[in-house]
Amino acid sequence: MADRYLNFTGTAPGRFLARRLGLPQPSPLRRWTPESPSLEGELLHLTAGESPHGADLRRILTRTNLTLATESSHPAAVVLDATGISDTPGLAQVHAALHPVVRSVAENGRVVVLGAPVSPSDHHQAAAQQALEGFVRSLGKELGRGRTATLVRMRSAEAAESTLRFLLSPRSAYVSGQVIEIGDAQAAPCDWDRPLSGRTALVTGAARGIGEAVAEVLARDGAHVVVLDVPSAQGDLVRVADRLGGTALPLDITADDAGERMASALAPDGLDILVHNAGITRDRKLANMPADRWNPVLDVNLTSVLRTTDALLKSGTLNRGGSVVATASIAGIAGNVGQTNYAASKAGIIGLVRALAPGAYAEHGVTVNAVAPGFIETKMTAAVPLFIREAGRRMNSLAQGGLPVDVAETTAWLAASASGGVNGQVIRVCGQSLLGS
Ligand code: NAD
């Protein structure tokens with residue numbers, strides 16, 4: 001369903017009216033296209049405090065398509081390295097660095113603040129580094145004009161490269177107000193134009209909607225995609241597989257032996273990327289919700305994810321250097337009227353990801369992360385009543401809904417072996433939704 005308000009405010013009278021009436025003024029987001037795959041312009045690299053990463057970071061930022069600058073009157077992006085801030089007086093330098101430039105950041109531009117891991121034993125360092133979180137989340141709400149703000153907590157510039165490339169590109173258009181922690185895993189070598197080249201990806205629920213977009217972006221980035229959906233969606237599934245040069249796997253993920261059937265379909269080469277995207281809703285307030293609306297939602301959205309992941313790890317189908325990306329939802333963080341079942345299932349995904357990630361990485365060399373979409377323009381949200389739909393679209397810092405491709409781009413970043421330092425994270429793709437923030 002088209003966002004008519006976004007189109008209207010893109011016209012001169014629409015802009016005038018929205019300004020006069022104090023209504024939201026969304027900017028059309030700039031997304032990846034083959035003709036225009038990068039942000040263009042200057043990347044302003046600023047430092048607050050004494051950074052331990054200066055030279056390494058400069059080298060990595062030089063490798064982006066942006067032109068590195070230490071001064072710029074109209075930067076496409078600003079990276080503020082605040083990793084060296086270890087006490088609260090140091091925060092004055094964050095203000096001093098960004099206050100003069102924030103107004104000049106280009107439309108659809110990026111502000112990325114780099115922080116250090118929060119120390120569990122130094123409360124002065126912890127106060128200063130945690131302060132950056134409130135700072136970035138507030139800045140994301142202030143920036144407007146399609147601009148985003150993100151905090152990346154890193155231990156080494158090298159391990160952060162794939163994340164910085166993602167954030168400093170149009171691929172992250174609908175990701176704002178997030179805090180991303182990067183561990184110190186060895187960064188895998190990467191062909192940045194086709195980061196998933198030679199890898200096999202399984203995407204569940206891929207006959208349509210977000211899953212179809214995920215399969216498309218993973219294939220664009222070089223992966224062979226195995227697309228899975230219920231047997232009744234086989235026609236659409238085969239069309240998706242044919243279009244992407246992939247393989248269709250009609251299968252209900254709630255089947256007891258679904259994991260084993262996935263494993264045998266993927267033998268002998270195994271699987272590198274597992275995307276748990278299939279999901280259903282059966283909304284009703286708890287007081288009116290019979291068990292036959294509760295159980296299927298928990299079964300499809302959570303129990304099947306657990307069962308099939310366990311089976312694929314146990315059978316050794318998931319190759320070392322691989323990744324699992326599961327789909328949560330901001331409903332699992334904020335809760336939602338009529339969605340006790342759905343929100344429980346999506347919160348369960350977050351629990352699963354956080355608990356499984358360290359062990360899966362140590363034992364199998366596999367990362368486990370989640371994407372948590374906000375309001376995404378799909379058939380699912382087109383069916384939402386008009387007033388609630390409009391509220392969902394506007395109640396975020398970018399004042400618009402996301403597109404399936406936004407979730408897909410985030411999934412592709414998490415799935416790349418170069419993102420091995422990102423593990424156990426839940427990344428919201430929600431335009432910094434006010435819900436659950
Ligand atoms: P959708 O309904 O368009 O697509 C879901 C797909 O999953 C369908 O093709 C369906 O056939 C498949 N599926 C359902 N049950 C299955 C089963 N048992 N086995 C195999 N496949 C099955 O939904 P969507 O909007 O594309 O959502 C995709 C995911 O994103 C879901 O997990 C959803 O909960 C989540 N999500 C969506 C939004 C949104 O705004 N659309 C927001 C937050 C989270």
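Atoms within a ligand are numbered from 1 in the order they appear, just like the ligands themselves.
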Which residue and heavy atom of the protein sit nearest atom 23 (O) of ligand 1, plus the separation:
Met380 CE, 4.1 Å

Part of Val230 with heavy atoms under 4.0 Å of ligand 1, whether side chain, backbone, both or neither:
both

Within a strict 4.5 Å, meaning less than it, do heavy atoms of the Thr367 and Leu414 side chains meet?
no

I'd like to know whether ligand 1 has Ala258 as a neighbour, heavy-atom separation below 4.0 Å.
no

Could you tell me if any non-hydrogen atom of Gly374 lies under 4.0 Å from any atom of ligand 1?
yes

Top protein contact for atom 4 (O) of ligand 1, by heavy-atom distance:
Arg208 NE, 3.6 Å

Does the side chain of Ser345 come under 3.5 Å of the side chain of Asn301 through a donor N or O and an acceptor N or O?
yes

Numbering as shown, the atoms of ligand 1 that approach Val300 to under 4.0 Å (heavy-atom distance):
15 (N), 18 (N)

Looking only at protein heavy atoms, identify the closest one to atom 36 (N) of ligand 1 and say how far it is in Å.
Tyr342 OH, 3.5 Å

Donor on one side chain, acceptor on other, Ser169 and Trp32, under 3.5 Å
no

In the protein, which heavy atom is nearest to atom 28 (C) of ligand 1, and how far is it?
Asn277 OD1, 3.2 Å

At what distance is the nearest protein heavy atom to atom 19 (N) of ligand 1, and which residue and atom is it?
Ile253 N, 3.1 Å

Check whether the side chains of His224 and Thr247 place a donor and an acceptor atom closer than 3.5 Å, and report yes or no.
yes

Around atom 14 (C) of ligand 1, find the nearest protein heavy atom and jot down its residue, atom name and distance.
Ile280 CG2, 3.6 Å

Under 3.5 Å, is there a donor-acceptor pair between the Arg110 and Ser172 side chains?
yes

State whether a side-chain donor-acceptor pair under 3.5 Å links Thr309 with His276.
yes

Of the backbone atoms (N, CA, C, O) and the side-chain heavy atoms from C-beta on, which set of Val407 has a member under 4.0 Å from an atom of ligand 1: side chain, backbone, both, or neither?
neither

Should you measure from each heavy atom of Gly209, which atoms of ligand 1 turn up under 4.0 Å away?
26 (O)

Considering the heavy atoms of Asp252, write down every atom of ligand 1 situated less than 4.0 Å from one of them.
17 (C), 18 (N), 19 (N)

Contact region, Ala233 to ligand 1, non-hydrogen atoms below 4.0 Å, reads neither

Between Asp3 and Arg394, is the closest basic N to carboxylate O distance under 4.0 Å?
yes

Measuring only between side-chain heavy atoms, which start at C-beta, is Ile180 closer than 4.5 Å to Leu151?
no

May I ask you to check whether Phe375 has an N/O atom sitting below 3.5 Å from an N/O atom of ligand 1?
no

Say whether Lys379 and ligand 1 are in contact under the criterion: heavy-atom distance to a ligand atom below 4.0 Å.
no

Between Thr327 and ligand 1, which part of the residue brings a heavy atom under 4.0 Å of the ligand: side chain, backbone, both or neither?
side chain

Give the atoms of ligand 1, by number and element, whose distance to some non-hydrogen atom of Gly279 is under 4.0 Å.
5 (C), 7 (O), 31 (C), 32 (O)

Check: Arg282 and Asn341 side chains under 4.5 Å, non-hydrogen atoms:
yes

Relative to ligand 1, is Ala328 under 4.0 angstrom through side chain, backbone, both or neither, heavy atoms considered?
backbone

Heavy-atom nearest neighbour in the protein, as seen from atom 39 (C) of ligand 1, with distance rounded to 0.1 Å
Ile376 CB, 3.8 Å

Is it true that Leu251 lies under 4.0 Å from ligand 1, counting heavy atoms only?
yes

Is the shortest heavy-atom distance from the side chain of Leu167 to the side chain of Trp413 under 4.5 Å?
no

What is the closest protein heavy atom to atom 12 (C) of ligand 1, and at what distance does it sit?
Asp229 OD1, 3.3 Å

Heavy-atom check, side chain of Thr200 versus side chain of Ile273, under 4.5 Å:
no

Does even one non-hydrogen atom of Lys346 get within less than 4.0 Å of ligand 1?
yes

Can any side-chain N or O of Arg165 pair as donor or acceptor with the backbone N or O of Glu161 at less than 3.5 Å?
no

Only heavy atoms of Ala278, strictly under 4.0 Å: list the atoms of ligand 1 that pass.
7 (O), 13 (N), 21 (N), 22 (C), 32 (O)

Ignoring hydrogens and angles, state whether a donor on the side chain of Asn369 or Gln425 is under 3.5 Å from an acceptor on the partner side chain.
no

Do Thr9 and Gln25 meet the criterion of a side-chain donor-acceptor pair at a distance under 3.5 Å?
no

